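Below is one structure, written out as structure tokens; the observations come after it.
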Amino acid sequence: MKVGVLALQGDVREHVLALQECGADPVIVRRSAEIAAIDALILPGGESTTIALLAQVFDVFELIRDRIRDGLPVYGSCAGMILLADRVLDAVDGQRTFGGLDITVRRNAFGRQVDSFESDLSVKGVTPAPLKAVFIRAPWVEQVGQGVEVLASIQGSDGREHPVAVRQGTILATSFHPELTGDHRIHRYFLEQVCRSATRIK
Ligand code: GLN
């Protein structure tokens with residue numbers, strides 16, 4: 001299985017290392033021929049607006065959107081989650097996403113004064129708990145559609161629980177950055193649960 005990491009902007013190297021430490025052989029991708037050749041894709045953390053703009057500059061935006069729509073297994077962390085969301089709150093004017101994941105996310109939801117923090121999470125399918133999660137200007141999920149499974153939630157400043165890890169079939173997304181902690185269980189979950197289920201469907 002050829003796993004690509006989209007290398008337009010963001011923490012590409014950290015995802016590559018995490019995948020390698022899981023025993024995968026990742027490739028970095030940014031051109032259409034490279035993206036056409038992969039069996040799974042990771043959208044890194046970074047800045048969702050910049051990644052979307054660069055995807056248009058490199059003329060791969062529609063290709064990525066269509067491959068996700070056609071069932072390419074994909075995992076997005078933080079900015080990657082935003083890029084997978086069908087609906088974005090607090091987006092910049094004209095911000096586009098690849099979509100595919102039936103959620104509404106709020107960008108930079110955790111507020112300015114707590115731009116970064118760590119939290120111990122309990123993530124469904126990842127044992128034993130807890131998983132240390134790093135949040136950096138992270139989004140949270142405001143609303144999920146019917147086919148979306150919530151894997152982890154956290155209480156926001158509004159006092160409500162908000163999903164921060166979700167899965168819809170072949171699409172996995174987290175508000176946090178498992179690529180930064182050295183604990184690769186989310187990457188392993190992606191490779192073993194999400195990618196394998198996609199292979200079975202084919
Ligand atoms: N706030 C960023 C965005 O909107 C995401 C931050 C991150 O990926 N760490 O894309």
Side-chain angles (χ1 to χ4, degrees), residues 3-19 26 28-30 41-58 60-61 64-65 68 74-121 123 131-144 151-158 162-167 171-187 189-190:
V3 184
V5 179
L6 186 65
L8 296 173
Q9 188 266 339
D11 62 351
V12 176
R13 201 180 114 82
E14 287 76 4
H15 278 287
V16 168
L17 286 174
L19 288 166
I28 62 167
V29 294
R30 58 172 75 88
L41 177 64
I42 289 193
L43 304 177
E47 176 51 51
S48 56
T49 52
T50 306
I51 295 173
L53 277 177
L54 288 173
Q56 290 166 82
V57 169
F58 277 73
V60 293
F61 189 93
I64 295 171
R65 183 195 61 197
I68 294 169
V74 56
Y75 165 48
S77 66
C78 202
M81 172 190 257
I82 297 168
L83 287 161
L84 289 169
D86 282 343
R87 296 166 298 277
V88 182
L89 301 173
D90 296 335
V92 302
D93 277 354
Q95 180 171 358
R96 294 175 70 196
T97 68
F98 303 125
L101 185 53
D102 185 9
I103 61 171
T104 304
V105 292
R106 185 177 294 282
R107 286 180 68 231
N108 305 328
F110 288 98
R112 276 214 189 123
Q113 61 283 43
V114 276
D115 278 348
S116 299
F117 63 97
E118 288 180 11
S119 182
D120 281 342
L121 288 184
V123 182
L131 179 97
K132 191 173 86 174
V134 175
F135 294 82
I136 304 168
R137 286 173 55 77
W140 71 38
V141 178
E142 286 274 343
Q143 180 264 333
V144 299
L151 304 178
S153 298
I154 192 173
Q155 196 177 47
S157 48
D158 59 357
H162 290 279
V164 289
V166 291
R167 178 181 175 183
I171 306 179
L172 176 70
T174 62
S175 303
F176 52 89
H177 293 271
E179 70 277 16
L180 299 180
T181 60
D183 179 343
H184 302 317
R185 287 181 291 167
I186 294 285
H187 288 81
Y189 176 93
F190 177 62

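Along the sequence shown, residues carry numbers from 1. In each ligand, atom 1 is the first atom listed, and ligand 1 is the first ligand listed. Given the structure is predicted, the values throughout are model-derived calculations rather than measurements.
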Any protein N or O within less than 3.5 Å of an N or O in ligand 1? List each pair with its distance, or say none.
{"unit_1": "ligand 1", "atom_1": "1 (N)", "unit_2": "Asn108", "atom_2": "OD1", "d": "2.6"}
{"unit_1": "ligand 1", "atom_1": "1 (N)", "unit_2": "Arg137", "atom_2": "O", "d": "3.0"}
{"unit_1": "ligand 1", "atom_1": "4 (O)", "unit_2": "Ser48", "atom_2": "OG", "d": "3.2"}
{"unit_1": "ligand 1", "atom_1": "4 (O)", "unit_2": "Arg107", "atom_2": "NE", "d": "2.8"}
{"unit_1": "ligand 1", "atom_1": "4 (O)", "unit_2": "Arg107", "atom_2": "NH2", "d": "3.1"}
{"unit_1": "ligand 1", "atom_1": "8 (O)", "unit_2": "Gly46", "atom_2": "N", "d": "2.9"}
{"unit_1": "ligand 1", "atom_1": "8 (O)", "unit_2": "Gly46", "atom_2": "O", "d": "3.0"}
{"unit_1": "ligand 1", "atom_1": "8 (O)", "unit_2": "Ala79", "atom_2": "N", "d": "3.0"}
{"unit_1": "ligand 1", "atom_1": "9 (N)", "unit_2": "Ile136", "atom_2": "O", "d": "2.9"}
{"unit_1": "ligand 1", "atom_1": "9 (N)", "unit_2": "His177", "atom_2": "NE2", "d": "2.9"}
{"unit_1": "ligand 1", "atom_1": "10 (O)", "unit_2": "Ser48", "atom_2": "N", "d": "2.5"}
{"unit_1": "ligand 1", "atom_1": "10 (O)", "unit_2": "Ser48", "atom_2": "OG", "d": "2.8"}

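At least one donor-acceptor pair under 3.5 Å links the side chain of Arg107 to the backbone N or O of Asp90.
In this structure Asp183 satisfies the side chain to side chain contact (heavy atoms under 4.5 Å, CB included) test together with Leu131, Thr181, Arg185, sequence neighbours excluded. Residues satisfying the side chain to side chain contact (heavy atoms under 4.5 Å, CB included) criterion with Gln155, sequence neighbours excluded, are Glu161. Residues that satisfy the side chain to side chain contact (heavy atoms under 4.5 Å, CB included) test with Arg13, not counting sequence neighbours, are Leu17.
Of the residues Leu83, Val12, Ile28, Leu41, the one that meets the side chain to side chain contact (heavy atoms under 4.5 Å, CB included) test with Leu6 is Leu41.
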Step-by-step side chain to side chain donor-acceptor pair (under 3.5 Å) determination, His162 to Ser175: CA-CA 10 Å; His162 290 279; Ser175 303; over 6 Å; no
